[in-house]
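Residue numbers begin at 1 in each chain, while the letters A, B, ... track the order of the sequences.
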Amino acid sequence: MSKVATRFAPSPTGALHIGGVRTALFNWLYSKNQKGTFHLRIEDTDKERSKEEHKIQIINSLKWMGIKHDGEEYIQSKMIGEHVKIAKKLLANGDAYKCYCSSEEIEEQKKRAKQKKIPYVYNRKWRNISDDQAPKDIKPVIRFKSKIEGTSIVKDLVQGNVEIENNTIEDFVILRNDETPTYNLSASVDDHNMEMTHIIRGDDHKINTFKQIQIYEALGWDIPQFAHIPLIHTIDGKKLSKRDNSSTLDDYKKIGILPESLRNYLLRLGWSYKDKEIFNLDDSIKLFNLEGIGKSPSKLDMSRILSMNEYYIKNIEENILYKKLKEYCEVYKDKIIEEKENTIKSSLIFLKNKAKTLEDIFNNSKYILNDEVTFDDNDKKLVNDEAKKIIHLFKEKISKLEVFDRENLEQIIKGLIELNNTNFKGIGQPLRIMLTGSKFGPGIYDIILSLGKKEVIRRLGNIR
RNA sequence: GGUCCCUUCGUCUAUCGGUUAGGACACAUGGUUUUCAUCCAUGAAAGAGGGGUUCGAUUCCCCUAGGGACCGCCA
């Protein structure tokens with residue numbers, strides 16, 4: 001048995017969405033699990049719609065997810081010559097034929113079929129007409145001579161045996177009248193040339209498999225194994241499309257989702273291993289298999305992505321988390337200035353505990369990042385005269401502090417609570433508002449300590 | 001319309017003929033707490049429907065219903 005080789009073959013006609021990313025992930029994981037190789041093929045033969053920007057987006061998306069392909073990117077458009085050659089060979093061998101129907105004629109047939117509500121299948125008109133009867137003014141397409149009788153079975157590694165009546169597969173076009181190959185031909189030839197052993201792809205390609213296998217058979221090639229994974233649906237059960245919100249990786253990146261959480265989430269979407277939920281990279285590679293893939297489509301659930309992200313934010317090493325936060329802020333928010341770096345870094349331990357995303361951490365850090373506190377009018381009202389008096393006392397007490405630590409602060413606050421016959425909220429809330437401009441936020445001691453004595457006194461100076 | 005596929009808590013799923021149908025997210029309640037959270041505990045929540053096969057079906061088979069994919073000289 002030859003070494004496992006898988007591939008991901010997107011077409012750069014649009015941004016790669018999360019469903020495609022999952023397909024890539026499954027292919028990559030499977031190949032790594034089997035100690036094989038994983039390849040990237042860019043199917044850019046649709047010149048009209050293929051865009052360089054999409055290709056870049058696809059490559060960057062995979063890179064961000066940590067999905068690395070072995071070898072060079074395989075650019076399909078460079079191989080068109082090969083595809084044409086094979087089409088000609090199929091023609092010469094009698095496995096394909098020239099069809100002289102005009103596109104108008106085909107359109108007409110389709111329209112009629114639709115009106116009569118009968119299924120349209122190309123009528124194989126030119127399958128048995130010899131070439132010398134061909135009209136001179138029409139450039140032919142080449143169609144594959146598809147099986148007419150009997151049934152075909154694909155042993156799908158996910159779907160099981162899939163059986164179909166051969167006559168429902170039409171004589172599909174393999175070479176257009178402009179001499180360019182079509183998808184099923186190109187994909188088959190490339191997969192063969194790239195020596196793919198396993199084709200793991202979306203369910204939407206299932207019917208194509210029957211066409212592609214016939215090409216393999218006609219050429220006497222080894223047929224790879226197929227695994228068709230169910231598609232991802234939106235939360236309301238519809239097919240995920242490029243127009244959907246939150247469908248490209250960038251949609252997740254910009255709210256501060258970590259690639260490892262998305263990877264873990266995507267892995268568990270339509271695949272499972274016992275009751276295990278958290279899979280680090282090593283686990284993923286070690287445990288991934290095709291048997292664990294379910295047969296039914298699954299829905300995208302944002303709250304699960306968020307919760308997975310929360311887990312990774314809390315469990316990832318802080319240095320790494322800081323690095324990620326820094327990069328994130330630089331791209332999507334404001335750059336963290338150098339003099340704030342250490343404060344943020346050392347505050348991460350409590351900042352991250354209130355966060356589901358990097359964006360949350362950024363928001364929680366705002367009181368450190370911005371020296372000027374901005375107040376909400378309603379919040380400001382909470383700092384009444386009584387509170388001002390206490391804050392003033394607090395300020396005086398801490399200015400005299402020699403050791404500015406939690407223990408001493410606790411003593412001071414405890415004392416003030418007693419002295420003023422109030423509770424913790426009576427002093428904690430106005431303090432928090434004065435220092436951060438918000439009623440919510442990290443613990444008050446964390447805020448005070450992270451800001452430092454000088455800055456706390458400065459901010460409390462705003463009191464009037 | 002034709003072909004193919006799918007169907008367990010709201011969601012992702014476990015179960016490979018015998019379970020009080022398990023876990024996770026979300027949700028609810030309670031506790032801890034210094035606000036918001038975290039954390040901990042508890043709770044509610046599922047085999048689409050109908051037939052078979054079997055001593056016994058969520059599990060195997062059939063039908064119905066619902067959902068999805070494909071039906072391009074796109075990929």
When we call it a touch if two heavy atoms are under 4.0 Å apart, what does [X] touch: a base, just sugar-phosphate, or nothing?
X	value
A:G428	nothing
A:Q159	sugar-phosphate
A:K314	sugar-phosphate
A:E165	nothing
A:P442	base
A:G294	nothing

Side chain of [X]: nearest nucleotide among [options]?
X	options	value
A:K354	B:C5, B:G22, B:U35	B:U35
A:Q76	B:U13, B:G23, B:A75	B:A75
A:I164	B:C5, B:C4, B:U34	B:C4
A:T45	B:U13, B:U11, B:A75	B:A75
A:D46	B:A75, B:U13, B:U3	B:A75

- prompt: Which side chain to side chain donor-acceptor pair (under 3.5 Å) pairs, counting each pair once, include a residue from residues 288-297 of chain A, with sequence neighbours left out?
  reply: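 Residue pairs with at least one partner in residues 288-297 of chain A: A:W271-A:N289.
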Whole-Å [atom1] distance, [N] and [M]:
N	M	atom1	result
B:U7	B:U64	C1'	13 Å
B:U32	B:A41	C1'	11 Å
B:A37	B:U29	P	13 Å
B:G47	B:C5	P	26 Å
B:A44	B:U35	P	29 Å
B:U59	B:A48	P	8 Å
B:A26	B:C12	C1'	11 Å
B:C70	B:A75	C1'	13 Å

Could you give the [atom1]-to-[atom2] distance, from [X] to [N], as a whole number of Å?
X	N	atom1	atom2	result
A:K352	B:C39	NZ	P	12 Å
A:N309	B:A26	CG	P	13 Å
A:D275	B:C25	CG	C1'	14 Å
A:F350	B:U35	CZ	C1'	15 Å
A:N161	B:C4	CG	P	14 Å
A:L267	B:C12	CG	P	16 Å
A:M308	B:C25	CE	C1'	9 Å
A:R201	B:C5	CZ	P	17 Å

Any side-chain N or O of [X] below 4.0 angstrom from OP1/OP2 of [N]?
X	N	answer
A:K439	B:U35	no
A:K425	B:U35	no
A:S186	B:A75	no

Using a strict threshold of under 4.0 Å (side-chain N to carboxylate O), is an ion pair present between [Y] and [X]?
X	Y	answer
A:K55	A:D44	no
A:E179	A:K139	no
A:R406	A:E410	yes
A:E104	A:K111	no
A:E43	A:R7	no

Watson-Crick or G-U wobble mate for [N], both contacts under 3.5 Å:
N	value
B:A28	B:U42
B:U3	B:A69
B:U15	none

query: Could you give the distance from CZ (A:F8) to CG (A:L62), rounded to the nearest 0.5 Å?
result: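 It is 6.0 Å, given to the nearest 0.5 Å.
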- prompt: Between CD of A:Q76 and CE of A:M194, what distance do you get to the nearest 0.5 Å?
  reply: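 So the CD of A:Q76 and the CE of A:M194 are separated by 9.5 Å.
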message: Going by the rule side chain to side chain donor-acceptor pair (under 3.5 Å), which residues pair with A:N33 if we only count those two or more places apart in sequence or in a different chain?
response: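 So A:N33 forms no side chain to side chain donor-acceptor pair (under 3.5 Å) with any residue.
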query: Hey, is the side chain of A:R304 pairing donor to acceptor with the base of B:A24 inside 3.5 Å?
result: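 Indeed, a donor on one side and an acceptor on the other fall under 3.5 Å apart.
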- prompt: Want to settle it: does A:E310 or A:K274 sit nearer the 5' end of RNA chain B, counting the closest nucleotide to each?
  reply: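 Final value for this comparison: A:K274.
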Of A:N184 and A:R22, the one whose closest RNA chain B nucleotide lies more 5':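 This one resolves to A:R22.
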Close N or O pairs between protein and nucleotides 64-73 of chain B (under 3.5 Å):
from  : atom 1 : to     : atom 2 : distance (Å)
B:G68 : O2'    : A:H233 : NE2    : 3.4
B:C70 : OP1    : A:K239 : NZ     : 3.1
B:C73 : O3'    : A:R176 : NE     : 3.0
B:C73 : O2     : A:N177 : N      : 3.4
B:C73 : O2     : A:N177 : ND2    : 3.3
B:C73 : N4     : A:C101 : O      : 3.4

task: Consider only side-chain N and O atoms of A:Y252 and A:S261, and report whether a donor and an acceptor are under 3.5 Å apart.
output: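 No, because no side-chain N or O of A:Y252 sits under 3.5 Å from a partner of the opposite role on A:S261.
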